[in-house]
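To start, the structure itself, in C-alpha cells.
None of the values given here were measured: they were computed from a predicted structure. First the proteins, then the strands, lettered A, B, ... as listed; each starts at 1.
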There are 2 protein chains.
Amino acid sequence: MISQTAEYALRAVTYLADHTAAQTANAIAKGTKVPVGYLAKILQGLVRSGLVTSQRGLYGGFILARPPKELSVHDVVQAVAPLMRIERCPLGIAGHGTNLCPLHRNLDNAMATVEQAFRRLTIHALLNQAHGSHPLCGFPHPVTKA
Amino acid sequence: MISQTAEYALRAVTYLADHTAAQTANAIAKGTKVPVGYLAKILQGLVRSGLVTSQRGLYGGFILARPPKELSVHDVVQAVAPLMRIERCPLGIAGHGTNLCPLHRNLDNAMATVEQAFRRLTIHALLNQAHGSHPLCGFPHPVTKA
DNA sequence: GGATCAATGGATATCCATATCCATTGATCG
DNA sequence: CGATCAATGGATATGGATATCCATTGATCC
C-alpha cells in the first residue's frame with residue numbers, strides 16, 4: 001500500500017512533530033525503531049523536499065520546517081515515495097489520452113480516494129487523536145527534552 | 001498501489017471474462033501486453049487459488065472457474081499479491097493488540113476503503129461499464145473465437 | 001586552533017518483485 | 001504408437017527498494 005520508506009518517513013515526521021527541539025537522526029531512529037542508516041537517507045530526502053530543516057554539529061539535528069497543522073500525510077508520502085496515479089493507458093496505446101478503460105479507471109479511482117484521505121489528514125491531527133496521547137504505535141510517550 | 005503482478009492478473013482475468021473458449025497463455029499475453037513467461041507464472045497462481053481452470057494440450061488453455069459476476073477485483077488481487085492490512089503495531093510492542101496508534105489506524109483505514117471498493121467491484125461490472133465496450137485500455141475489442 | 005558532535009554524500013551490500021528460459025508432464029489428434 | 005500442442009515446475013537472471021558503512025563537511029565548544 002505505502003512503501004516501507006514512506007512508513008519510516010511518517011514515523012520520523014510524527015516523532016519530530018512531537019518534539020520542539022532539534023532531534024538527531026540517532027534519536028529519531030531509536031524513538032521510531034527505524035534503521036538509523038536508512039533513516040538518515042530518508043531524512044535527507046525530507047530536507048531536500050523542504051519539509052524538514054537540518055542543522056549540523058553539537059545540538060544539531062532535524063526540525064519540521066512547517067507547523068504540523070500545515071503538514072499532511074500526503075506531503076510526506078509524496079516527498080519520499082510518491083503515490084503514482086494512473087494518468088494514461090498502461091497498455092501504451094497512442095492517442096488514447098486520459099480516457100481510461102473501466103479497469104484502470106476504477107483502479108485510479110481507488111487511488112484518488114486514498115490520495116484525498118492523505119491530503120486531508122494532517123500530522124497535527126494524528127498527534128491529537130485520542131490514544132492515551134502517544135502518537136506512535138505501542139510507544140510510551142517520549143519525554144520532550146527541556 | 002497495486003503491484004505489477006496484480007495489474008497483470010487483473011488484465012488476464014478481464015481478458016478471460018471476455019472469452020468463452022479456453023485461451024492459451026500465449027493468446028492472453030498478446031491480448032493484454034503482458035510478458036508471456038511471467039504471465040504463465042501468474043496464471044499458475046490463479047489456478048492454484050481456484051479462480052481459473054487450466055487444460056493442457058491442443059485446444060487447452062485457461063478459463064475462469066466462476067462467472068464474472070461472482071468474481072471481484074479483490075478476489076484476484078488477494079490471489080496473487082495480497083493487500084496486507086495493518087493488524088498490529090508495526091513497531092513490534094508486545095501486548096498492544098489491535099489497538100493501533102493514530103498513524104497506523106489512519107493508514108489502515110485508507111486500506112480498508114480500497115479493500116471495500118475492490119470487494120464491491122466485480123469483473124462483470126468492469127466489462128459492462130460504458131467505454132465503447134472494450135474492457136482493456138485502448139484496446140480494440142477482441143473478436144471472440146467462435 | 002583542536003576536539004567533539006552530527007549531517008552529508010558516495011560506495012557498496014542484500015532482498016524481493018519482476019522476468020526469462022527450458023525440460024518435463026499431460027492432453028489431443030492421426 | 002508418434003507428433004504436436006500447451007500447461008507445469010525449476011533454475012536462473014535483473015532491477016529497484018531497502019539497508020549498511022564510512023570518509024567528508026560543517027557546526028559548536030573550550
How many Å lie between [atom1] on [X] and [atom2] on [N], as a whole number?
X       : N      : atom1 : atom2 : answer
B:Glu7  : C:dA19 : CD    : P     : 11 Å
B:Gln4  : D:dA17 : CD    : C1'   : 15 Å
A:Gln44 : D:dT25 : CD    : P     : 15 Å
A:Arg11 : D:dT18 : CZ    : P     : 12 Å
A:Ile42 : D:dT20 : CD1   : C1'   : 13 Å
B:Leu43 : D:dG9  : CG    : P     : 13 Å
A:Asn26 : D:dC22 : CG    : P     : 15 Å
B:Met84 : C:dC16 : CE    : P     : 13 Å

inquiry  = For a side-chain hydrogen bond (donor to acceptor under 3.5 Å, both in side chains) check, start with the C-alpha distance between A:Tyr38 and A:Thr5, then their side-chain angles and the critical distance, and finish with the verdict.
reply    = CA-CA 9 Å; A:Tyr38 195 53; A:Thr5 301; 2.6 Å; yes

task = Please go through A:Ile63's hydrophobic cluster and name the other residues, only I, L, V, M, F, W, Y counting, with side-chain heavy atoms under 4.5 Å joining them.
result = none

Given [N], is OP1 or OP2 found less than 4.0 Å from the side-chain N or O atoms of [X]?
X      : N      : answer
A:Tyr8 : D:dA19 : yes
A:Ser3 : D:dA17 : no
A:Thr5 : D:dA17 : no

ask   = Under a 4.5 Å cut-off applied to non-hydrogen side-chain atoms, are B:Tyr8 and B:Pro35 in contact?
value = yes

key: Side chain proximity check, A:Leu10 to B:Leu103, heavy atoms < 4.5 angstrom   = yes

Report the distance from atom [atom1] of [X] to atom [atom2] of [Y], rounding to the nearest 0.5 Å.
X        : Y       : atom1 : atom2 : value
B:Phe62  : B:Thr24 : CZ    : OG1   : 8.5 Å
B:Leu46  : B:Gln44 : CG    : CD    : 10.5 Å
B:His104 : A:Thr14 : NE2   : OG1   : 8.5 Å

key: Test applied, side chain to side chain contact (heavy atoms under 4.5 Å, CB included); reference residue, B:Met1; option that passes from A:Leu83, A:Leu107, A:Asp108   = A:Leu83

message = Under a 3.5 Å cutoff, is there a donor and acceptor pairing between the side chains of A:Glu70 and A:His124?
response = no

Listing time: all N or O pairs from protein to nucleotides 1-6 of chain C that are below 3.5 Å?
residue	atom	partner	partner atom	Å
C:dA6	O4'	A:Gly57	O	3.4

ask   = Which ones in residues 34-41 of chain A lie close to DNA chain D, meaning a heavy atom under 4.0 Å from one of its atoms?
value = A:Pro35, A:Gly37, A:Tyr38, A:Lys41

key: Pairing partner of C:dA23 (Watson-Crick or G-U wobble, both distances under 3.5 Å)   = D:dT8

